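Computed from heavy atoms alone, side chains included, the values below leave out hydrogens, waters and symmetry copies. Only a predicted model underlies this, so the values are computations on that prediction, with no experimental measurement involved.
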Protein chains: 2
Amino acid sequence: MSLRHAVLGLLTVQPSTGYELTQRFDKSLANAWHASHSQIYPELAKLQDEGMVEVVGEGARRSRTWAVTDAGRDELRRFMTEAEPVRSQRNETAVRWFLVDLLEPADKRKALERELAFCEAELERLTAIAAAIDASEGPKRFRGTVDLGLRMTGVMRDWLQEQLSRA
Amino acid sequence: MSLRHAVLGLLTVQPSTGYELTQRFDKSLANAWHASHSQIYPELAKLQDEGMVEVVGEGARRSRTWAVTDAGRDELRRFMTEAEPVRSQRNETAVRWFLVDLLEPADKRKALERELAFCEAELERLTAIAAAIDASEGPKRFRGTVDLGLRMTGVMRDWLQEQLSRA
DNA sequence: GCCATCATGTAATTAGTTACATGATTAG
DNA sequence: CTAATCATGTAACTAATTACATGATGGC
């Protein structure tokens, strides 16, 4: 189960409230993992029971800021270095791209155009994130990951354009 | 829900038994969707109830070959052309690559090397599939999808090598 | 005062995994 | 004849989504 490790990882980068975590899942981990608040709050409670996270601050609207404990850091390290990676994916976009070959030309073109628009938007989104990191002070962590996303999305865009020009 | 559309798609390409479908999920859709037999058999039954698949042959070991009906083809087309794509992913490997920046150098190098080995293996797997398609007669469907996989995995390998050389 | 958004939670349902179970066929 | 693999199914459990529910705060 990877939800808890994603939570531990995000909280290691930066202590957050449950609400902020839900947003960070869709920003930082948009291409990796999705979790909604109804999953995150119970998971934080479970992690707290197990001593892996703790409340380090309370703010307005009875919000609580969570941080990783030493036990949590140990568990995250164990996951990253010792646990056997689970490689299976669940990616509806990839299913669609696989199945696009089954469509007749007109439908295929329309589908490819929609996907192309998605890639362009994603490139823009990642470019903005990269610029923000570059403009910031400090260690520029995750700049590499953003760069990987940019390269992958670039490959996808090129591929879609080729498919379109042939369709 | 994408399982049923993956099933309809795979059966559109080639009628199969449930057993064959489980294998095709891990071969053709390895980088898109995973489903185990305990999910596939009930889904075939449900699709049959809804008139979207039918038994077109029976073989040894009481195996049954399933094919898509017109209603199934309609549903697949509707999914591909009209349904709003769900973009969220669930990809533990991507989570790991994101979190690798949190590790100290020695752990990081070890983690990157493991991922690099995975990419090399994946490149080999895809190269073999591409060669098989190229050697075959007929329309060479999905050759493009395999090529996309090769390009993406190539980008990943290069990125991992760069990260390693800097770690 | 009221609307948007921040913020947290639970309940009901659906999807997916792991474990259990069984029988048929083929290769050695 | 027996072990491996083919082939199908169900049961128990865990994970995830969708829907329901409530209250706080800040901007207008």
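- Taking every side-chain heavy atom of A:Ser36 into account, D:dT17 is the closest of D:dT8, D:dT17, C:dT18.
- Taking the nucleotide of DNA chain C with the nearest heavy atom to each of B:Lys46 and B:Ser38, the more 5' of the two is matched to B:Lys46.
- Nearest nucleotide to the B:Arg61 side chain, out of C:dA24, D:dA16, C:dA7: C:dA24.
- The interatomic distance linking A:Leu47 (CG) with D:dA15 (P) rounds to 12 Å, in whole Å.
- The phosphate of D:dC6 (OP1 or OP2) has a side-chain N or O of B:Tyr19 nearer than 4.0 angstrom.
- Looking at B:Lys110 and B:Glu113, no side-chain N of the basic residue comes within less than 4.0 Å of a carboxylate O on the acidic one, giving no salt bridge.
- A donor and an acceptor atom never sit less than 3.5 Å apart when one is taken from the side chain of B:His34 and the other from the base of C:dG16.
- Atom CZ in B:Arg24 sits roughly 14 Å away from atom P in D:dA7 (whole-Å rounding).
- D:dA16 atom P lies 5 Å from atom CZ of B:Arg90, rounded to whole Å.
- The closest donor-acceptor contact from the side chain of A:Thr69 to the backbone of A:Gly51 lies under 3.5 Å.
- Whole-Å rounding puts the A:Ile40 CD1 to D:dA16 P distance at 11 Å.
- The side chain of A:His37 sits closest to C:dG9 out of D:dG9, D:dA16, C:dG9.
- Of the candidates B:Lys108, B:Arg96, B:Arg166, B:Asp101 forms a salt bridge (charged side-chain N to carboxylate O under 4.0 Å, His left out) with just one, namely B:Lys108.
- Here D:dA21 presents its C1' atom at 11 Å from CZ of A:Arg62, a figure rounded to the nearest Å.
- Comparing D:dA7, D:dT17, D:dT22 against the side chain of A:Gln39 picks out D:dT17 as the nearest.
- Taking every heavy atom of both residues into account, A:Phe25 and A:Ile40 meet most closely at CD1-CD1, 3.8 Å.
- Remark: the backbone N or O of A:Ser88 is not paired with any side-chain donor or acceptor of B:Trp33 at under 3.5 angstrom.
- Put simply, CG on A:Asp26 is 14 Å from P on D:dA16, counting in whole angstrom units.
- Where A:Ala60 and B:Glu20 meet DNA chain D, the nucleotide closest to each residue was compared, and B:Glu20 sits on the side nearer the 5' end.
- Here the P atom of nucleotide C:dC6 and the CZ atom of A:Arg64 are 19 Å apart, to the nearest Å.
- In this structure, the OH atom of A:Tyr41 is 16 Å from the C1' atom of D:dT17, given to the nearest Å.
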